[in-house]
Amino acid sequence: MEYLLLKGKQQINGTIKVNGAKNAAVAILPAALLTRETVEVDNLPKITDIDKIIQILKSLGAVVTCTGKRSISIDSSGVNSFCPPPSIVNKFRASYYFMGSLLGRFGQVEIPMPGGCNLGPRPIDQHVKGFTALGAEVELKHGIVKIKAKKLIGTHIYLDVVSVGATINIMLAAARAEGKTVIENAAREPEIVDVANFLNAMGAQVVGTGTDVIKIQGVQELGRAEHSVIPDRIEAGTFMIAAAATRGEALVADVIPKHLDSVIAKLREVGNEVEVGPDWVRVKGNSRLSPADVKTFPYPGFPTDLQAPMIVLLTQADGTSFVTENVFEERFNHLCELRKMGAKIKLGGRTAIIEGGHELSGAPVKALDLRGGAAFIIAGLISKGETRLEGVEHIDRGYEKIEERFKLLGVNIERRQQ
Ligand code: EPZ
């Protein structure tokens, strides 16, 4: 078993280049199945969720070749299976993108319910609603979702819930449907725009991503394409919050600052200096931090994926802060462990009430999900004493060699084997 060991009272100081976005890459690679031609995808993060997607692609018969440090080519001309292996699918949430891509390619797919971080109930009813509206029959039996369509036909779909996964999955299936599909109340995340850019590079006709109405004119065939994944705004935000919490300074480079507007605004509001360049953001932590009211919302709102790191930052504010989680109803797993470190946090419904100004103390803690795990690193850095962080496998799903990345920012953190 691996764990991270970190000393407290450390300050972030340095420059870091952000990697490609996990939540775009995990959809783009399955989307490669929509064509028989070879596609090349660059700027992939080296994380275990991507390793698992590549394993699934290979198990379906695709030839995946490493073409560079961060790039692969995918030749799916030989893919002849529409049943991704349950043993891998069960392990992570993003495996659900094989629903849309295999449905688009073969008109059918058989796949177990996806696994993933435990953030409370994570239904897929909006994905199913979309597939059904496109003309597919969806059946769930013994934990396997079977989706089959004689023909996918474009239609109007109004999503009852703003969902990143459902928006992308419907886009994937609709890309090769007959006629035009309109998704209303679509999610607007930058990762959705990136997936659409990849689909369009393959010859799809998707317009409107980044707004809440997306139109997809189905085409018969998709072709070869090259694509570079956008920067990971959540990885960037994690380092920005870490700089603020440790009262350090970080230049976070290779980002699209617009994607970080809500994070930049909140960091400034609590008293940090944030300078914004064309493709970088510099955060300088202030020794005095004001409390804040933070509400997570779908993009362009404050990202739920940065809720846990933000709570850690607010433990250092002079006063009481309120953080309301509006996206996932039970995304507060990290609070128990943060309390072990001395954080004074109460939970009232969907709002964490954080009494700031208390020094945290290092403790043995366990990551129970990806972003909560990243938050414990920040908590460990500002604490007094040593923190031993287990559950690193959750962090490895979405952050590439996190300890190496933090070392680049001047802090002492080690990965050890038990
Ligand atoms: C994506 O999850 C991300 N995962 C999550 O990142 C991210 O937290 C989330 O979007 C919100 O931004 C990937 O992109 C792989 P949703 P997803 O569908 O698509 C409800 C990380 O740490 N809902 O937008 O699963 C759902 O329960 C991960 O990188 C339905 O009710 O999220 C939630 O309350 C964690 N029915 C809300 O919508 C559905 O059919 C938003 O979920 C689908 C979703």
Side-chain angles (χ1 to χ4, degrees), residues 19-31 45 47-50 52-53 89 91-100 113-133 138 140 145 157-172 183 185-195 212 229-230 232-238 259 262-263 296-310 324-334 350 367-375 394-400 402:
N19 290 321
K22 167 180 94 82
N23 288 345
V26 293
I28 286 169
L29 298 186
I47 53 176
T48 57
D49 270 12
I50 295 295
K52 288 183 213 121
I53 300 245
V89 169
K91 291 196 178 114
F92 68 122
R93 179 84 180 160
S95 54
Y96 57 28
Y97 289 129
F98 284 95
M99 291 182 184
M113 284 293 282
C117 283
N118 180 11
L119 312 177
R122 296 181 77 181
I124 58 160
D125 58 303
Q126 299 304 304
H127 305 236
V128 170
K129 176 178 173 170
F131 298 143
T132 310
V138 183
L140 174 67
V145 187
I157 299 161
Y158 184 92
L159 292 178
D160 304 316
V161 182
V162 178
S163 160
V164 175
T167 302
I168 293 180
N169 243 337
I170 296 167
M171 264 171 30
L172 298 180
I183 310 174
N185 200 26
R188 293 182 278 166
E189 270 66 5
E191 293 75 22
I192 298 173
V193 179
D194 203 34
V195 176
D212 60 1
V229 175
I230 55 165
D232 196 314
R233 66 195 165 96
I234 304 300
E235 192 200 31
T238 306
H259 295 171
S262 63
V263 185
T296 69
F297 278 111
Y299 188 84
F302 190 89
T304 171
D305 292 343
L306 291 175
Q307 176 249 101
M310 196 65 195
T324 305
E325 174 54 60
N326 288 308
V327 180
F328 290 106
E329 52 191 277
E330 290 171 25
R331 196 172 196 175
F332 280 120
N333 274 334
H334 42 284
R350 294 178 92 149
L368 299 169
D369 66 76
L370 166 56
R371 310 298 174 184
H394 292 289
I395 303 175
D396 291 338
R397 287 192 31 230
Y399 293 92
E400 177 178 323
I402 189 109

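Keep in mind that the numbers below use all heavy atoms, side chains included, and drop hydrogens, waters and symmetry copies. One-based numbering, in listed order, for ligands and for the atoms of each.
- Both the backbone and the side chain of Ser163 come within contact range of ligand 1, each with a heavy atom under 4.0 Å.
- Atoms of ligand 1 found under 4.0 Å from any heavy atom of Tyr96, numbered from 1 in the order shown, are 2 (O), 17 (P), 19 (O), 25 (O).
- Judged by distance alone, with hydrogens and angles left aside, the side-chain atoms of Glu325 form a donor-acceptor pair with the main-chain N or O of Val327 at under 3.5 Å.
- Under the side-chain contact (heavy atoms from CB on, under 4.5 Å) criterion, Asp125 pairs with Pro123, not counting sequence neighbours.
- Which parts of ligand 1 touch Gly165 is read off a 4.0 Å heavy-atom cut-off, strictly below it: atoms 18 (O), 19 (O).
- Salt-bridge formation is detected for the pair Asp305/Arg331: a Lys NZ or Arg NE/NH1/NH2 atom is positioned less than 4.0 Å from an Asp or Glu carboxylate oxygen.
- For atom 42 (O) of ligand 1, the choice among Phe328, Tyr97, Tyr399 with the nearest heavy atom turns out to be Phe328.
- Residue contact annotation: Arg331 has a non-hydrogen atom under 4.0 Å from ligand 1.
- For Val327, a nitrogen or oxygen atom sits less than 3.5 Å from a nitrogen or oxygen atom of ligand 1, counting backbone and side chain alike.
- Those atoms of ligand 1 that come under 4.0 Å of a heavy atom in Gln126, given as number and element, are 36 (N), 39 (C), 40 (O).
- If you number the atoms of ligand 1 from 1 as listed, the ones under 4.0 Å from a heavy atom of Arg93 come out as 25 (O).
- When non-hydrogen atoms are compared, ligand 1 lies under 4.0 Å from the backbone of Asp125 as well as from its side chain.
- At a heavy-atom distance under 4.0 Å, no atom of Lys129 approaches ligand 1.
- Within the 3.5 Å criterion, the main-chain N or O of Arg350 finds no donor-acceptor partner in the side chain of Thr324.
- Among residues two or more places apart in sequence or in another chain, the ring-ring contact (aromatic ring centres under 6.0 Å, His included) test is passed with His127 by Tyr96.
- At least one heavy atom of Pro123 lies less than 4.0 angstrom from ligand 1.
- At a 3.5 angstrom cut-off on N or O pairs, Thr304 does not count as close to ligand 1.
- Using modelled atom types, one side-chain atom of Ser95 and one backbone atom of Val89 make a donor-acceptor pair closer than 3.5 Å.
- Nearest heavy-atom pair, Ala27 versus Ile168, reported as atom, atom and distance to 0.1 Å: CB-CG2, 3.8 Å.
- Remark: side-chain polar atoms of Thr304 are not paired, donor with acceptor, to backbone N or O of Thr296 under 3.5 angstrom.
- Lys22 places no side-chain N or O within 3.5 Å of a backbone atom of Ile50 that could act as its donor or acceptor partner.
- Considering both main-chain and side-chain atoms, Val164 comes within under 3.5 Å of ligand 1 through a nitrogen or oxygen pair.
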